[in-house]
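Have a look at the structure below before the remarks.
One-based numbering, in listed order, for ligands and for the atoms of each.
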Amino acid sequence: MGFEFRDSMIGDYRTQGYLVFRQILPPSLIADLRRATAKAPELARLRSGPQAQRLQPIAAFDLDLGPFRRYADLPDLVDAVSRVLTPRHRIGANDFCRAGLLLEPAETPWCTRWHRDLRETSGVPDVEEFRRVNRDPLWFNQINCPLYEDNCTWFVPGSHLRDDFPAETAAVEAPLPAEDASGEERERRCLEYTQSMPRAERLRLDAGDFALYHPNAWQTGNYLPDRKRVTIHDFAPTPELLDWYERWSQKRAEDAKPTVEDAKPTARRRTASTS
Ligand SMILES: O=C(O)CCC(=O)C(=O)O
């Protein structure tokens, strides 16, 4: 059965922080997107090595964006996103300026640490503003749209609406597998690590599903080299959210600029600080 919108999805998304539109992409579009992304793993590995996990932004690479534009304009998808978020949230805004492709590693299993994408400490343009918009379930959003079955993403439902629990911060720090462990040991340890987060759920996605989720909820990814992955990683911004990211980028660039103090010779700085 194809995708059908249910009104309960609107409330589910706000309280859980994620939602999956099952089989919303038609097979013909999946085929076109698979063709358009066929060389993405090679491009990503040439650029970042065999364990590359993403190619981003797609607009910076020699990929046919035609099928991506058809995905962004898909009537069922535009309708579902506008009902769960608002009609002002549009996929493909700014011609996929932040969209990427999530890929499987070529050599060995690995996982990222549990994280929230953005926190007050992420160099946000205005901390008070961030506190307010971050508790609005519709302000930030992220998308995973798999072109092949994808079981990599893990998520803690409801965590977008609250601060961290102590058991969660402890789970983040649990040990990850050693670099030189065997593939099977790494696979087992990464799985145990992701499962150790209280209330964590795995997003079990099939080709053509569309997961919408809050990027500042607890999330992680667990990756196996023998499970092909090509998943569109995207967002559906409003003009205000695009502006927020622009201000965030500018603030981070300013924060990264060396200060006069940084430019002083190290010995002089050491003397000054002890005098
Ligand atoms: O690979 C994934 O699906 C996880 C993505 C993730 O953790 C992130 O975007 O920060």
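- The protein non-hydrogen atom at the shortest distance from atom 5 (C) of ligand 1 is Q219 OE1, 4.0 Å.
- Here's the thing with T153: one of its N/O atoms is less than 3.5 angstrom from an N/O atom of ligand 1.
- Short contacts between ligand 1 and N144, defined as distances under 4.0 Å to a heavy atom of the residue, involve ligand atoms 3 (O).
- Looking at N134 and N216, their side chains do bring a donor and an acceptor atom within 3.5 Å of each other.
- Taking the ring centroids of Y18 and Y213, they lie at or beyond the 6.0 Å cut-off.
- Panel note: side chain H89, backbone L138; a donor-acceptor pair is recorded below 3.5 Å.
- Remark: ligand 1 atoms within the under-4.0 Å shell around heavy atoms of Q142 are 9 (O).
- Among R229, H233, H115, the residue whose heavy atom lies closest to atom 7 (O) of ligand 1 is H115.
- Within ligand 1, counting atoms from 1 as listed, the ones closer than 4.0 Å to a heavy atom of L102 are 1 (O), 2 (C), 3 (O).
- A donor atom on one side chain and an acceptor atom on the other are not found under 3.5 Å apart for E104 and Y223.
- Atoms of ligand 1 found under 4.0 Å from any heavy atom of R54 (numbered from 1 in listed order, with element): 8 (C), 9 (O).
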Start with the C-alpha gap between D79 and R83, add the side-chain angles, then the distance that decides, and say whether salt bridge (Lys or Arg N to Asp or Glu O under 4.0 Å) holds. CA-CA 6 Å; D79 178 62; R83 287 160 83 175; 3.0 Å; yes

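- In this structure, the side chain of H115 does not engage the main chain of W218 through any donor-acceptor pair within 3.5 Å.
- Heavy-atom proximity to D117, at under 4.0 Å, picks out these atoms of ligand 1: 8 (C), 10 (O).
- Ring centers of F235 and Y245: under 6.0 Å apart, within the cut-off.
- The ligand atoms of ligand 1 that sit less than 4.0 angstrom from a heavy atom of Q53 are 1 (O).
- At least one heavy atom of Y223 sits less than 4.0 Å from an atom of ligand 1.
- In terms of N/O distances under 3.5 Å, ligand 1 is not approached by Y213.
- Listed for the E107 side chain is no donor-acceptor partner under 3.5 Å among the backbone atoms of P225.
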